[in-house]
Amino acid sequence: MINSFFWVDITFWLYLASCTFYMLYGLFYKNETLGLLGTVTAILGAIINTLALVYRAYEAGHAPFANLYESMLLFTWATVIGYLIMEFKYKFRIIGTFIMSIVFLSILTIVWLLPYRYQNIDPLNPALQSIWLEIHVITTFIGYAAFAISFGISIMYLLKNGVEKKTGGGLKNFMIRFPDLNILDDLNYKSIAWGFPFLTIGIITGAYWANYAWGTYWSWDPKETWSAIVWLIYAGYLHARVTHGWKGVRTAVFAIIGFIAIVFLYWGVSFILPGLHAYA
Amino acid sequence: MGEEKTGKKIAAGKGKWDVIEDKFIEIFSSPKLAIFIFIILAVLSIFGTVIEQNREPSMYIAAYGEKWYGVIRGLGLTDIFHAWYFTLTLILLSVNLSVCFFRRLPPKWRLIRDKTVVMAEDAILRQKNSVKLNHNISIQGVKDAISGLLKKKGYKVMTAETNSDISFFAQKGAIGRIGSDITHVGLLIIFLGVIIGSFFGFKGFATIFEGEIKRMPNTDFELRVDKFWIEYYDDYRPKDFFSTLTVIDNGREIMKKTIEVNDPLKYKGVWFYQSSYGQAWDRIDKARFYVYEREGGKFISEAIADFGKEIEVPNTNLKLKVIGFAADFYYDPASKEVFSKSMEHNNPAMQVEIYEKGVLKSAPWLFAKYPEAFLDKSTKYFIEAAGYQAPQYTGLSIAKDPGVNIVWVGSTFLTVGLFLSFFVIHKRIWIKIVDKNNKVDIYVGGNANKNKINFDKDFANLVNELDRIEK
């Protein structure tokens, strides 16, 4: 029977294929066909991922952003689309090796790790029944996706930087093909320049909605507080880079810390810290 | 004017206060301080999520022990977001933002307003991107073409002409230069809204029964709940809660609205939110009793009593009257009073007067969950409280926040500022064409305030098109 789980499965295999093609392209062969296959499967994956979200929305009767499982499908979707835009604009296919790995690991987590009860379609609890669900979640996840891309690029930066200092090394041929350090640094900044305004809108729309649903726009709930922490980290990155002239390793490390904080904001807070925002 | 003033200051030498002022401005406008403040706020916030905030002391003692609770409390960690040092850090941030704003905006503003059209040839060639071209074409022939080209690319163009040359100044996206300042002002506006809200606003909570009229806390009007109901999904999970409310001000019905979660009632700046619901904890509408023979346990009959009304029990000479109810029964030995120790129906009990042949025999508390806990032996019957119906109340969160709209204005500034500063690039181009006897020299120079790689491409394209003009 064709349902959203079917489409999620197909998405899973397509992302696995895409990830594998990019890996082969990056690690072993300088074969542009492999890279092209990576891109094509990523595009197909994004299309099927869209279908999975649409089916899920149809089955649930509401926007498919009501729990961790559904929001992770949105995360992989936004990250792949964001990456594909970047690939078409800047033509650095090797970056796909890292971004599609992040995407594949994300979908692997929800398909294999997340207990079944998290995959259930739940009716929306009263607080979630609002147009702000769509606006708040979509803007937030565009932010998350941009930060995930910046995370992948930062890892590449650190790897390439490490290799350039040394001579030789097993993976050197692979890393030599990464874009130049200053290009990686610039792409990292560009990703964050997209992520930061969207995260900001996500936080503000969340506050606006909270004011409408609960009568207070900010209550230092763990989710709110961690979103502020993440915001501060990236605000720090931007000031360090734009105003204070930091570049390279330090800003890459900054971006990595930022993304670790996002993972905690997204998963850690939901599982560890109790609060109002207990859905995802 | 401004330059004159500075000149005088330097001439007079710097006084002690000037030095202190300069030092102050230098420290408070530095990005280092901003980053430092971000880190402090982030670290304090992490404490605020790891240690649960504003809980009851017993919870902290259970989690950390008596001694550590003292330490945590003493350091303000149980309410860190309202601790003096958190507020101080926010004040520092505000000072930092303000100083930055007043220091950085004026020069940027002058640059935005600056419309130097005529520039010397060598000054044009000193720009970040520049080139010199030659064309075999008359100066008037090339003028409109250049102007049209720049306009087509979205630039605002200004020109100045002399007998021998024409100068162009073209720019776009000037507003992008002050994006960060707009963001900073937005944050300050948000802080202002928060302060106004915390001084002139309030939060409250009220429970109102269906049909009840109640004066709302901190207001001069009353609310009546006409109806409260719950809608369920097919699997009996609650879908939504509704209360039909009527505002009564000065004895007059002003407005009526059915509120639900995510759709509050607003009156005189006070918002009423559907927040919870429940059953009364101190009264009931109806009670149902089963009456048995105490010896042998033979069922005799059933009776339903309205609260406070005497009823007869069929097939007996008993009369019952419910006179009290407690949802979570508690007897206080000191005051000898019974009350409900919570709003939850954990141990519902009702007090019933038992009359036999018109004579009051006793008035025991009957426990719905523990029917045989205290056997009343005043008659030969065993009376069981089999069920009850309590009136429902709606729980309303009440909030007045006169600063909230200011917060949204600030948020808009903040967001617009971010998009301006990331995506709107200030691009400036100067072109001078100099007449050389039916030939022209074209000097082209320009710069952008960010995304220079992108501007390099723009500039190369422009030069290409300028090159093709004569053909």
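Bear in mind that the values here come from a model prediction, so they are computed numbers and not experimental data. Throughout, a chain's letter reflects where its sequence line sits, starting with A, and its residues are numbered from 1.
Taking OG of Ser45(B) as the reference point, atom CD of Glu224(A) lies at 11.5 Å (rounded to 0.5 Å). For the atom pair Arg104(B) CZ and Thr243(A) OG1, the distance stands at 6.0 Å (nearest 0.5 Å). Separating the OG atom in Ser219(A) from the CD atom in Gln53(B) is a distance of 12.0 Å, to the nearest 0.5 Å. Taking CG from Leu232(A) and CD1 from Ile35(B), the interatomic distance works out to 12.0 Å, rounded to the nearest 0.5 Å. The distance from the CZ atom of Phe422(B) to the CZ atom of Phe196(A) is 6.5 Å, given to the nearest 0.5 Å.
For chain A, the option among Asp234(B), Val194(B), Asp263(B) with the highest count of heavy-atom pairs below 4.5 Å is Val194(B). Considering only heavy-atom pairs separated by less than 4.5 Å from chain B, the leading option among Ile201(A), Thr200(A), Leu124(A) is Leu124(A). Chosen from Trp218(A), Tyr237(A), Tyr212(A), the residue pairing most often with chain B at heavy-atom distances under 4.5 Å is Tyr212(A). Per-residue heavy-atom pair counts under 4.5 Å with chain A were compared for Phe38(B), Phe423(B), Phe419(B), Phe81(B), and the maximum is reached by Phe81(B).
For the pair Gln129(A)/Asp240(B), a side-chain contact is recorded, criterion being any heavy-atom separation below 4.5 Å from C-beta on.
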Steps toward side chain to side chain contact (heavy atoms under 4.5 Å, CB included) verdict (Thr49(B), Phe264(A)): CA-CA 12 Å; Thr49(B) 60; Phe264(A) 190 75; 5.6 Å; no
Trp220(A) and Asn54(B): side chain to side chain contact (heavy atoms under 4.5 Å, CB included), yes or no, with the steps? CA-CA 11 Å; Trp220(A) 295 110; Asn54(B) 296 310; over 6 Å; no
Between Tyr217(A) and Asp401(B), does a side chain to side chain contact (heavy atoms under 4.5 Å, CB included) hold up when you go through it step by step? CA-CA 10 Å; Tyr217(A) 53 83; Asp401(B) 190 343; 3.2 Å; yes
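At a 4.5 Å heavy-atom cutoff, Ile80(B) makes no contact with chain A through either its backbone or its side chain. Looking at Lys266(B), only its side chain comes within 4.5 Å of chain A, counting heavy atoms on both sides. Residue contact with chain A, scored on non-hydrogen atoms closer than 4.5 Å, is absent for Lys450(B). Neither the backbone nor the side chain of Tyr234(A) comes within contact range of chain B; no heavy atom of the residue lies under 4.5 Å from a heavy atom of that chain. Contacts of Trp132(A) with chain B are absent, with no heavy-atom separation under 4.5 Å from either backbone or side chain. Proximity to chain A is absent for every atom of Phe272(B), based on heavy atoms less than 4.5 angstrom apart. For chain A, the nearby part of Leu414(B) is the side chain; its heavy atoms alone come within less than 4.5 Å. For Ala228(A), no part lies near chain B; criterion is any non-hydrogen pair under 4.5 Å. Looking at Ala261(A), there are no atoms closer than 4.5 Å to chain B (heavy atoms on both sides), in backbone or side chain.
No side-chain N or O of Trp214(A) forms a donor-acceptor pair with one of Ser397(B) less than 3.5 Å apart.
Counting only distance, with no hydrogens or angles, the side chain of Tyr208(A) and the backbone of Trp408(B) share no donor-acceptor pair below 3.5 Å.
Ala127(A) and Asn262(B) get closest at one heavy-atom pair: O-ND2, 2.8 Å.
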